[in-house]
Each structure stands twice: as structure tokens, then as C-alpha cells.
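Report on the structure given below.
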Amino acid sequence: MFWGCISYYGVGTLKVVNGNMNSDKYIEVLDECLWPVVARHFANRRWTFQEDNAPCHVSLRSNQWKQDNNVNTLPWPAQSPDINIIENVWKVLKHRVQRRTNEIRNAGDLERVVRDIWSGLPLHYIQSLYNSLPRRVRCVLRTRGHITKY
């Protein structure tokens, strides 16, 4: 499993997560991986962290860690993949990995390929996802929360 984050300024940290993600592991990942992105892109700016409603994201321990570390989060509706733009990034990543399966013989090869693809995602692609958010929200509102083209 991989954990990754993006911002309008490009891809952030990508981390291999062994086993299932639970609250303790999630807190470790945030502690290790979130701060370099914040320092690089938001040193003197306000920022808000968006995550979905996975159990480890909204657990009491995770919420306490975010509160203790002044991590402001965006309230997020349940079952909302249409407006969760990192899902588009994961889909592109998956398709590109599938095109390179001939390079993958073991877990180390997989990690190398995924990191190569991740670091090569163009900034204009990431920014186009962010720029699509108003359209996505309008579509979700128009369909009253049902599936959209996104």
C-alpha cells in the first residue's frame, strides 16, 4: 500500500505502508510525511488538509493528533470519490504501473516504478485536478450526490 499527498504545487511525499493502515500507522505516516510538504509549499501560508472518511483518518486518536499539531482539516462528505481528486491520481498511477509490469519482479521493483511515475506526474495535471473542483462540486450538487462523470 502507498500513502501519498498532493497540493496545488505538485505531488508531495509518497510512502510505502506495510500491512493495513490503522490509526497508529496513520499518525506515524502523517508525522513523517506531511510536514516536509507543508514546509516546502506552505511555510508562510495557511493550508487545510483534506482526507476522506477512512476509519483511521477520523478515529479519536487521529483527530487528537491533528488537533495537537494544529492540522486543520476540510469537513468531508461520506462516499464522495467524485470530488476527491487524489483518486484520479491513484487511477493514473495504476494505469501507468500496469503498462510497466514487465519491469516489476518484486516489491522493490514495484516501489521503484511507482516512485518514478509519482515523481513524473506533471504539475499541470495536478493543477488541472484542483482547477476542476468547482465543476465537480456543481455536478455533485446537480445530481444530488449521485455519481458524476468524475
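Quick caveat, the model's predicted, so the values are computed rather than measured.
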Can you sort out the partners of Tyr9 under side chain to side chain donor-acceptor pair (under 3.5 Å), two or more places apart, ordered by chain and number? Arg45
Suppose the criterion is side-chain hydrogen bond (donor to acceptor under 3.5 Å, both in side chains): which pairs have a residue in residues 116-127, not counting sequence neighbours? Arg100-Asp116
Polar contact flag, side-chain donor to acceptor under 3.5 angstrom, Gln67-Asn63: no
Same cluster (ILVMFWY, side-chain, under 4.5 Å), Trp47 and Leu74: no
Answer with yes or no whether the hydrophobic clustering places Leu14 together with Leu34; edges join I, L, V, M, F, W, Y residues whose side-chain heavy atoms lie under 4.5 Å apart. yes
Could you tabulate the donor-acceptor pairs under 3.5 Å formed by side-chain atoms of residues 88-97, not counting sequence neighbours?
{"residue": "Asn88", "atom": "OD1", "partner": "Arg136", "partner atom": "NH1", "Å": "3.2"}
{"residue": "Asn88", "atom": "OD1", "partner": "Arg136", "partner atom": "NH2", "Å": "3.2"}

Mark yes or no for whether Thr48, through its side chain, and Asn72, through its backbone, hold a donor-acceptor pair below 3.5 Å. no
Taking Asn53 for its side chain and Trp76 for its backbone only, find out whether a donor-acceptor pair lies under 3.5 Å. yes
From CD1 (Ile126) to CG (Asn131), nearest 0.5 Å: 11.5 Å
Would you name the heavy atoms of Met21 and Cys56 that are closest together and state the gap between them? CG-SG, 3.4 Å
Mark yes or no for whether Lys66, through its side chain, and His57, through its backbone, hold a donor-acceptor pair below 3.5 Å. yes
On a heavy-atom basis, the closest approach of Gly4 and Ile86 is O-CD1, 3.3 Å
Rounded to the nearest 0.5 Å, how far does CG of Leu133 lie from CG of Asn84? 9.5 Å
At what distance, to the nearest 0.5 angstrom, does CG of Leu129 lie from CD1 of Ile6? 6.0 Å
Tell me, which pairs form a salt bridge (Lys or Arg N to Asp or Glu O under 4.0 Å) where one or both residues lie in residues 1-11, sequence neighbours left out? none
N/O donor-acceptor pairs under 3.5 Å from side chains in residues 23-33, not counting sequence neighbours:
{"residue": "Ser23", "atom": "OG", "partner": "Ser59", "partner atom": "OG", "Å": "2.7"}
{"residue": "Asp24", "atom": "OD1", "partner": "Arg61", "partner atom": "NE", "Å": "2.8"}
{"residue": "Asp24", "atom": "OD1", "partner": "Arg61", "partner atom": "NH2", "Å": "2.5"}
{"residue": "Lys25", "atom": "NZ", "partner": "Asn18", "partner atom": "O", "Å": "2.2"}
{"residue": "Lys25", "atom": "NZ", "partner": "Asn20", "partner atom": "O", "Å": "3.3"}
{"residue": "Tyr26", "atom": "OH", "partner": "Glu51", "partner atom": "OE1", "Å": "2.3"}
{"residue": "Asp31", "atom": "OD1", "partner": "Trp35", "partner atom": "NE1", "Å": "3.3"}
{"residue": "Glu32", "atom": "OE1", "partner": "Lys15", "partner atom": "NZ", "Å": "3.4"}

Determine whether Phe42 and Tyr130 fall in the same hydrophobic cluster, where Ile, Leu, Val, Met, Phe, Trp and Tyr are linked whenever their side-chain heavy atoms lie under 4.5 Å apart. yes
Check side chain to side chain contact (heavy atoms under 4.5 Å, CB included) between Leu60 and all other residues, then give those that pass, not counting sequence neighbours. none
Enclosure of Asn44 CG (heavy-atom neighbours >12, cutoff 6.0 Å): no
Does one hydrophobic cluster hold both Val37 and Trp65, with members joined at side-chain heavy-atom distances below 4.5 Å? no
Do you reckon Tyr8 sits in the same ILVMFWY cluster as Ile83, going by side-chain contacts under 4.5 Å, direct or chained? no
